J.: 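Here's a structure for you.
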Amino acid sequence: MSNRSSRIPGFYKLPFEKRLEIVAKWANLSEDEVSLLKNFGNLDKKIADAMIENVVGGMTYPFAIATNFRINGRDYLVPMVIEESSVVAAASNAAKMLREGDGIISRAGPQYMIGQIHLVRVDSARYKALKILEKKDEILEHANQQDPILVKLGGGAKDLEVRVIDTRMGPAIVVHLIVDVKDAMGTNAVNTMAEAVAPLLEKITGGEARLRIISNYAVYRIVRAYARAKPEAVGGKDVAEKIVEASILAESDPFRAVTHNKGIMNGIIAVALATAQDHRAIEAGAHAYAARDGTYKPLSTWDIDSEGYLVGTLEIPLQVGVVGGATKVHPIARIALKILGVKTAKELAEIMAAVGLAQNLAALRALVTEGIQKGHMKLHAKNLAIMAGATGELIDIVAEQMIREGRIRFDYAKELVEKYKKQYQA
Ligand code: NAD
């Protein structure tokens with residue numbers, strides 16, 4: 001056991017079954033565990049094996065639907081995939097509070113992403129930066145030759161920005177290709193363009209292109225969502241005022257702002273997972289945007305307007321796609337998009353921002369009233385009962401007793417499972 005090695009040459013070349021066999025031996029997995037891993041659920045084994053490397057099994061997350069969403073005057077059923085309890089219920093609940101009129105208004109602009117090329121070892125960087133600008137049309141044309149499909153659809157490289165940055169190895173030139181990626185998340189298109197124009201930029205500047213890749217700081221892909229709720233809808237004037245206080249506290253305390261934003265991302269990432277988006281890109285961009293002024297801030301704000309309504313706003317960069325990436329490969333993502341009924345990346349981004357805003361309202365409301373744990377605890381109690389070995393109806397019996405007695409703990413769940421199991425057996 002102690003001298004086993006994780007160095008497995010050619011692991012990636014082995015058939016899936018052989019890889020699983022090695023892992024099963026390594027971890028002493030039981031037959032049941034192996035057959036669970038082998039279950040790819042609703043993802044074809046071949047597709048899974050082609051999506052990523054070294055696949056040894058599948059893992060299924062629950063796929064749920066948030067109800068009540070009305071966004072830009074249209075009703076949506078929102079697919080969410082998440083491992084955390086209460087998120088879907090909370091989103092549905094808050095969406096109900098924000099249904100009035102056209103519901104949540106959410107607006108995204110054109111879908112522009114930034115492709116970066118970093119040039120180093122350039123002399124007279126400022127002068128060379130201007131020479132790059134001089135050749136802008138030629139550079140954009142070369143970039144656009146890389147993706148005729150995108151260009152035909154009206155997308156492609158639209159503009160060029162050049163900056164000189166001071167680094168500890170001296171000045172460097174940063175070129176930004178501004179690319180309209182239309183309905184794609186855009187990474188492949190942008191990266192291909194960045195790599196293609198790099199030699200041209202080297203020629204113009206005499207420098208060396210180091211990094212040639214998209215920036216996930218998607219500052220041109222901002223979505224703005226806003227909504228208002230009657231105070232009665234959130235539990236009265238007092239609750240509405242406390243929600244505003246919670247929002248203000250997040251503005252002044254980065255420790256709180258991070259958790260505030262995590263609540264927003266609960267909703268956004270659940271939709272991202274259901275539609276197979278690159279959620280790491282979304283998270284990275286969102287948190288960078290939250291810190292754009294040098295201090296980490298909440299992505300949303302809550303206030304009370306002159307008519308006494310609770311009004312919320314959210315501003316977030318969202319890099320999502322309905323073509324390309326895994327969105328078209330994963331059959332469940334395709335079904336999720338069909339349930340949403342979206343055809344463009346812009347509309348998907350608008351829905352996701354709206355879900356983030358609703359999710360935020362639900363979290364703040366719970367926090368300033370009964371606290372976050374009550375809702376969580378119901379499902380948590382069930383999870384604990386299952387972990388303690390309860391099956392069938394025993395799950396509810398154990399969970400309900402723990403909730404009734406206010407003792408939602410694993411040791412107590414075990415005690416109850418033991419007790420009732422014996423009773424059942426007797
Ligand atoms: P993609 O390349 O699979 O599809 C986009 C292409 O589809 C376009 O370039 C265009 O040629 C074509 N197309 C057809 N119809 C279109 C339409 N209506 N709008 C736009 N394009 C259309 O997908 P992608 O979005 O470029 O790449 C996303 C993938 O890249 C994700 O899987 C992501 O995880 C991955 N990735 C991300 C990073 C990063 O974000 N830093 C780095 C590497 C890879």
Side-chain angles (χ1 to χ4, degrees), residues 43 47-55 81 108-118 140-159 174-198 209-223 265 268-289 316-334 336-338 340-352:
L43 183 61
I47 297 179
D49 213 12
M51 276 173 86
I52 61 167
E53 311 75 33
N54 295 3
V55 172
V81 167
Q111 303 294 296
Y112 290 173
M113 290 299 283
I114 299 169
Q116 294 197 294
I117 302 102
H118 286 84
L140 292 182
E141 197 190 316
H142 191 60
N144 281 328
Q145 279 165 5
Q146 314 307 315
D147 202 332
I149 297 173
L150 191 58
V151 174
K152 208 168 155 208
L153 291 164
K158 301 286 180 192
D159 205 356
V174 189
V175 180
H176 282 185
L177 270 181
I178 315 294
V179 184
D180 184 348
V181 295
K182 292 292 196 190
D183 296 316
M185 182 254 178
T187 300
N188 286 323
V190 171
N191 292 355
T192 307
M193 289 182 183
E195 287 186 8
V197 301
R210 267 302 157 270
L211 308 163
R212 300 150 296 158
I213 189 171
I214 200 163
S215 168
N216 292 113
Y217 192 21
V219 290
Y220 293 116
R221 238 171 158 175
I222 303 298
V223 193
M265 299 319 277
I268 290 177
I269 297 302
V271 182
L273 284 170
T275 55
Q277 303 298 321
D278 186 332
H279 52 94
R280 291 83 56 206
I282 296 172
E283 289 276 9
H287 297 297
Y289 194 69
I316 188 170
L318 286 174
Q319 43 205 304
V320 298
V322 295
V323 299
T327 49
K328 280 277 154 76
V329 176
H330 202 301
I332 302 302
R334 286 205 301 271
L337 289 174
K338 192 170 175 186
L340 279 171
V342 296
K343 294 274 182 292
T344 64
K346 181 176 173 295
E347 191 182 354
L348 178 59
E350 289 173 344
I351 292 167
M352 286 168 73

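When reading the values below, keep in mind they use all heavy atoms of this one structure, side chains included, and skip hydrogens, waters and symmetry mates. The model shown is predicted, which means the values in this text are computed figures rather than measured ones. Start at 1 and go down the list; that is how both ligands and their atoms are numbered.
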J.: Verify the contact flag for atom 38 (C) of ligand 1, where contact means a protein heavy atom under 4.0 Å away.
T.: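 Neighbour list for atom 38 (C) of ligand 1 includes protein heavy atoms (cut-off 4.0 Å).
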
J.: Between Thr187 and ligand 1, which residue portion shows a heavy-atom distance shorter than 4.0 Å: side chain, backbone, both, or neither?
T.: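 Looking at Thr187 and ligand 1, atoms from backbone and side chain both fall under 4.0 Å.
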
J.: Below 3.5 Å, N or O to N or O, backbone or side chain included: is there any such pair between Gly325 and ligand 1?
T.: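 Yes, at least one N or O pair falls under 3.5 Å.
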
J.: Taking only heavy atoms of Ala189, which atoms of ligand 1 are found under 4.0 Å from at least one of them?
T.: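 Near Ala189, the atoms of ligand 1 are 9 (O), 26 (O).
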
J.: Establish, from distance only, whether the side-chain atoms of Glu283 and His287 form a donor-acceptor pair under 3.5 Å.
T.: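 Checked: Glu283/His287 side chains pair up, N/O donor to acceptor below 3.5 Å.
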
J.: Mark yes or no for whether Asn216, through its side chain, and Gly285, through its backbone, hold a donor-acceptor pair below 3.5 Å.
T.: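 Checked: no pair found.
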
J.: Looking only at heavy atoms, which two atoms of Met193 and Ala143 are closest? And how far apart?
T.: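 Nearest heavy atoms, Met193 then Ala143: CG-O, 3.4 Å.
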
J.: Give the residue, atom name and distance (to 0.1 Å) of the protein heavy atom nearest atom 8 (C) of ligand 1.
T.: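 The closest heavy atom on the protein side is Asp147 OD2, 3.5 Å.
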
J.: May I have the step-by-step check of side-chain contact (heavy atoms from CB on, under 4.5 Å) for Tyr112 and Asp159, ending in yes or no?
T.: CA-CA 10 Å; Tyr112 290 173; Asp159 205 356; over 6 Å; no

J.: Identify all side-chain donor-acceptor contacts of residues 340-350 below 3.5 Å with residues at least two apart in sequence or on another chain.
T.:
| unit_1 | atom_1 | unit_2 | atom_2 | d |
| --- | --- | --- | --- | --- |
| Thr344 | OG1 | Glu347 | N | 3.1 |
| Lys346 | NZ | Glu350 | OE2 | 3.1 |
| Glu347 | OE2 | Arg74 | NH1 | 2.7 |
| Glu347 | OE2 | Tyr76 | OH | 2.6 |
| Glu350 | OE2 | Ala108 | N | 2.8 |

J.: Report the nearest protein non-hydrogen atom to atom 18 (N) of ligand 1: residue, atom name, distance rounded to 0.1 Å.
T.: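 Here the closest protein heavy atom is Asp183 OD2, 3.2 Å.
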
J.: With heavy atoms of Leu150 as the reference, note each atom of ligand 1 found under 4.0 Å away.
T.: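 Answer for ligand 1: 20 (C), 21 (N).
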
J.: For atom 15 (N) of ligand 1, grab the closest protein heavy atom and report residue, atom and distance to one decimal in Å.
T.: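 I find the closest protein heavy atom is Leu153 CD1, 3.4 Å.
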
J.: Any idea which atoms of ligand 1 are less than 4.0 Å away from a heavy-atom of Val323?
T.: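 With Val323 as reference, the close atoms of ligand 1 come out as 16 (C), 17 (C), 19 (N), 20 (C), 21 (N), 22 (C).
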
J.: Does Arg221 form a side-chain contact (heavy atoms from CB on, under 4.5 Å) with Gln111? I'd like the steps, not just the answer.
T.: CA-CA 6 Å; Arg221 238 171 158 175; Gln111 303 294 296; 2.7 Å; yes

J.: Nearest protein heavy-atom contact for atom 26 (O) of ligand 1: which residue, which atom, what distance?
T.: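 Here the nearest protein heavy atom works out to Asn188 N, 2.8 Å.
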
J.: Which atoms form the tightest heavy-atom contact between Ile269 and His279, and what is the distance?
T.: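 That closest heavy-atom pairing would be CD1-CB, 3.7 Å.
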
J.: Using 0.5 Å steps for rounding, measure from the OG1 atom of Thr192 to the CG atom of Asp147.
T.: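 Nearest 0.5 Å value for the OG1-CG distance: 7.5 Å.
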
J.: For atom 41 (N) of ligand 1, find the nearest protein heavy atom and state the residue, atom name and distance (0.1 Å precision).
T.: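 Heavy-atom neighbour on the protein nearest atom 41 (N) of ligand 1: Asn216 OD1, 3.0 Å.
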
J.: For ligand 1, find out whether one of its N or O atoms is nearer than 3.5 Å to an N or O atom of Gly186.
T.: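 Right, the criterion is met.
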
J.: Any idea which protein heavy atom is nearest atom 4 (O) of ligand 1, and the distance to it?
T.: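 It is Gly324 CA, 3.4 Å.
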
J.: Output the list of atoms in ligand 1 that are nearer than 4.0 Å to some heavy atom of Asp278, sorted by atom number.
T.: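 Under 4.0 Å from Asp278, ligand 1 has these atoms: 33 (C), 34 (O), 37 (C), 40 (O).
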
J.: Any N or O on Lys182 sitting closer than 3.5 Å to an N or O of ligand 1?
T.: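 No, Lys182 has no N/O under 3.5 Å of an N/O on ligand 1.
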
J.: Considering Gly155, Ala276, Ala184, Pro148, which one's heavy-atom position lies nearest to atom 5 (C) of ligand 1?
T.: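 When every heavy atom of Gly155, Ala276, Ala184, Pro148 is considered, Ala184 comes closest to atom 5 (C) of ligand 1.
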
J.: Search all heavy atoms of Leu43 against all heavy atoms of Ala48 and return the closest pair with its distance.
T.: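 Closest approach of Leu43 to Ala48: CD2-CB, 3.7 Å.
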
J.: Quick one: nearest non-hydrogen protein atom to atom 20 (C) of ligand 1, plus distance?
T.: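 Going atom by atom, the protein heavy atom closest to atom 20 (C) of ligand 1 ends up being Val181 O, 3.1 Å.
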
J.: Applying salt bridge (charged side-chain N to carboxylate O under 4.0 Å, His left out) as the test, list every pair that has at least one member in residues 268-280; sequence neighbours left out.
T.: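 Every salt bridge (charged side-chain N to carboxylate O under 4.0 Å, His left out) pair that includes a residue of residues 268-280, provided the two are not neighbours, is Asp278-Arg280.
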
J.: Ignoring hydrogens and angles, tell me if any N or O in the side chain of Arg212 forms a donor-acceptor pair with the backbone of Ile117 under 3.5 Å.
T.: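 Checked: no pair found.
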
J.: In the protein, what heavy atom is nearest to atom 28 (C) of ligand 1, and what distance, to one decimal place, separates them?
T.: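 So the nearest neighbour among protein heavy atoms is Met185 SD, 3.9 Å.
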
